[in-house]
Amino acid sequence: MLQRISLCPFLREGEKQVKALTNRETVIGSKIRRVDAVPKVDGKAKFVADIYFDRMIYCYLVLAKKSHGILKAIYTDQALKVPGVIGVYTHMDVPGENQLGEVVKDMPCLVPIGEKIRYYGDVVAVVAAETYEIAKEAAEKVRLEIVDLPPVLTIEESIKDKVKVHEPTNISIHKKIRKGNVENGFKRCDEIFEGEFYAHYQEQAYLEPQGVIVTPDIDYGFTVYGTMQCPYYVQNSVARVLAIPLNRVRVIQTETGGGFGGKEDVPSFVASYAAVAAYNTGRPAKLIYDREVDIQTTSKRHPIKSHYKIGVRKDGKLEAMEIAAYMDMGAYATLSPIVMFRTLVHAAGSYEIPDVKVDVYGVYTNKVPPGAFRGFGSPQVLFAVESMMDEISKKLGIDPIELRLKNTLREGSKTATDHLLLESVGAVKTLENLREISRWEQLKKEVETFNNTNENRKRGIGVSHIFYGVSLGAAGQHLDASGSHVQINADGTVDVRIGGTEMGQGAKTVIAMIAAEELGQDVQKINVHQPDTAFVPDSGPTVASRTTVYSGNATRLAASELRKRLINVFCELTGSSTENVDWGNGKFYDTVSNKEMSFDELVEEAFRKNVKLNETGWYETPRLEWDAERGIGEAYVTYSFASQIVVVEVNLNTGQAKVIKAYTSHDVGKALNPEGIIGQVQGGFIQGMGYALYEDLKLKNGQIITDNFNTYIIPTIHEIPEELVIDIVEDPFSRGPYGAKGIGEPSLMPTPAAIANAISRAIGKRVTRIPATPEYILKLIKED
Ligand code: MTE
Ligand code: MOS
């Protein structure tokens with residue numbers, strides 16, 4: 001895979017935020033080795049499965065294995081007879097609230113007798129044993145008596161509301177936007193386009209499965225070690241289920257082998273099951289999911305069906321958009337209400353449209369509850385709206401980049417929620433750069449030539465353009481704050497403790513870079529610790545691409561405070577005046593007198609003087625104005641933008657599609673760690689490609705039948721395009737650290753739409769469903 005990175009900074013006059021008095025090199029924006037690279041490569045990194053305690057027991061879950069029914073009885077006698085079994089714990093053994101769920105309390109921890117089974121993966125009991133094998137064997141011997149009910153398996157059936165998954169109705173959540181008046185808007189239009197789309201499930205496919213150890217601890221409570229994105233969610237959940245106060249539950253995140261949203265709320269469930277076992281046995285309890293249990297029971301990307309009606313003028317200017325989207329929430333609401341908020345806000349795309357009406361409905365079915373997944377409910381509708389844009393471009397004969405340039409958001413534009421954008425809108429620049437890096441006109445000719453000279457293989461070019469609301473936004477303002485504790489040790493090394501988690505995205509590296517930038521210390525001397533709820537205040541979840549902005553700002557605040565104290569000590573010792581002091585590369589120095597001291601030396605002196613060298617930073621979101629009734633207002637603090645072009649080749653005989661080339665441009669505000677951004681964009685692109693082409697979750701009567709990677713196919717090295725050109729635009733966000741916004745999720749978001757559009761152009765038929773599997777593409781080709 002060829003990659004090129006072209007940084008196109010266009011910081012405005014006076015806005016250069018990484019300030020140096022001299023022309024020293026800044027850490028921000030430079031090439032840094034990942035701080036967690038070596039232990040992850042040499043195998044020393046400890047994942048939760050690598051951790052053992054004396055007298056530790058192993059857990060295995062007993063699943064309902066029915067899609068809909070009433071649980072009449074649980075027979076544990078045969079399981080308890082297996083040598084080495086310690087106990088089988090059911091709802092009767094839950095000491096506290098038998099409830100899970102971050103938003104809506106509709107999900108039991110362990111399904112009680114007499115209650116409903118709502119999906120195949122409902123957990124009924126936890127078996128604890130001396131070994132994993134014994135626990136698994138005994139779990140298979142737990143017999144359940146379930147009276148079957150007819151299952152609700154599709155969005156269509158759910159909407160009929162005949163069989164109810166939950167009372168009083170399956171269609172339990174509705175969110176809307178009412179901007180202007182679409183009826184009037186459609187009257188102003190020359191053309192009206194309509195389309196229906198379906199985006200299927202996607203499994204996060206993190207390589208490390210879910211897992212925790214819950215152990216009675218030295219503080220007379222319980223400590224949870226586990227793979228997770230949101231330690232504070234886990235802490236809350238375990239405290240509720242065990243009925244103990246928050247200060248008796250300590251959660252330490254262990255190295256996490258990927259999350260992608262799949263470890264947002266799910267680890268709270270995993271930890272709660274293990275906590276029940278730890279509580280009842282008084283022993284450390286380990287629960288590691290095998291892949292089948294993981295895929296069968298845990299969240300995925302929501303299937304969304306959407307209907308679009310778009311009105312445009314002849315010149316391509318968008319006038320009105322009306323959208324209805326239905327998302328399959330599965331058996332429990334879990335994170336759906338907040339995922340839906342993102343679906344709602346992003347449904348109309350990155351465009352300025354006078355009249356907008358959006359309705360998003362969340363419906364219950366008897367299937368696995370989907371939840372957070374990179375993009376959080378937006379890639380499904382961005383695929384739809386960008387497919388519509390492609391169709392409009394084709395029908396009106398307007399170049400697809402031109403059409404987007406005509407309608408995209410700029411400074412002074414208002415989004416679909418009527419949010420007036422005043423800064424950091426790099427959308428136009430991403431489109432313009434895309435034309436340049438793809439050699440647009442030449443690329444179009446190349447593809448035309450290819451198609452003229454090939455019979456059975458056709459190529460198509462797909463364009464997409466997206467925006468992404470950074471952090472939790474108006475729906476999650478109460479959670480949108482983060483803390484950081486920075487402490488300088490006597491030897492000059494630095495400890496940073498944040499509440500945001502590293503799950504592979506590079507959070508630790510970017511936080512270490514920020515601390516290094518502010519303190520002047522070497523990045524490699526900064527240790528960003530695994531989050532521990534005992535030492536960092538609740539910093540909200542590590543989701544919504546918010547870590548760089550939130551934990552980053554908190555760290556910046558704490559570290560810059562410490563720097564001020566070090567500068568004072570430096571001035572006391574050297575007689576310098578503070579405004580002449582600069583820092584960096586492990587030194588403090590006077591730019592006038594040239595006197596200098598190493599960071600370590602200065603710290604030693606500061607310690608001798610009893611200077612306080614630890615500080616807490618706290619960053620909270622500015623208040624957003626939001627009218628939930630009309631869906632109008634400031635939906636998010638800021639938005640990232642991206643544009644993408646892909647060239648896809650379709651084999652007309654087999655229906656197979658392969659991405660040949662891709663060009664992608666991302667407005668990240670400021671590239672703090674350009675290498676990290678490249679990594680995110682490469683990974684996001686490939687994960688988006690998997691969603692568009694290969695990953696096809698299959699269910700039978702509500703049971704997932706593709707529950708391992710032999711049947712659920714994710715992209716491998718073979719599917720990677722020969723060329724992926726990455727361009728970074730920097731249009732700074734004044735409240736982001738040094739101008740940064742987020743990139744974690746926008747890296748994936750343009751890809752499904754771009755690929756679908758490329759296939760559509762290659763075969764001359766509109767792809768309206770993803771994944772576009774060979775079977776589906778062949779069907780389209782053969783249709784009249
Ligand atoms: N990259 C890797 N390697 N592994 C992951 O699990 N998760 C993604 C994205 N990139 C993920 C990843 C998701 S869903 C989010 S929300 C962001 O990273 C979170 O990281 P950030 O807050 O540091 O941007
Ligand atoms: Mo990411 S889906 O917000 O964890």
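All heavy atoms count here, side chains included; hydrogens, waters and symmetry mates do not. Worth saying up front: this structure is predicted, and the values here are computed from it rather than measured. Whatever order the structure lists them in is the order used to number ligands and atoms, beginning at 1.
In terms of heavy-atom proximity, L434 sits nearest to Q644 at CD2-N, 3.4 Å.
Enumerated by chain and number, the residues approaching ligand 1 to less than 4.0 Å through a heavy atom are G258, G259, F260, G261, R374, M503, G504, Q505, V543, A544, S545, R546, T547, Q680, G744, E745.
Using the six-membered ring where Trp is involved, F341 and W626 have ring planes that are perpendicular, over 60° apart on the 30 and 60° scheme. Using the six-membered ring where Trp is involved, F260 and F373 have ring planes that are tilted, between 30° and 60° apart.
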Distance dump, ligand 2 polar atoms to protein, N/O, under 3.5 Å:
from	atom 1	to	atom 2	distance (Å)
ligand 2	3 (O)	A544	N	2.6
ligand 2	3 (O)	E745	OE2	3.1
ligand 2	4 (O)	Q229	NE2	2.8
ligand 2	4 (O)	G261	N	3.4

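Atom NZ of K46 is surrounded by 12 or fewer heavy atoms from other residues, nucleotides or ligands within 6.0 Å.
Between S747 and R374, the side chains place a donor N or O and an acceptor N or O closer than 3.5 Å (distance only, hydrogens not considered). Inspection of the D495 and H529 side chains reveals an N or O donor paired with an N or O acceptor under 3.5 Å.
Here the two rings, on H666 and F641, have centers that are 6.0 Å apart or farther.
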Salt bridge (Lys or Arg N to Asp or Glu O under 4.0 Å) evaluation trace for D731 with K670:
CA-CA 7 Å; D731 192 345; K670 165 79 191 168; over 6 Å; no
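Annotation: cation-pi pair K305/F197 absent, no NZ/CZ under 6.0 Å from the ring centroid and within 45° of its normal.
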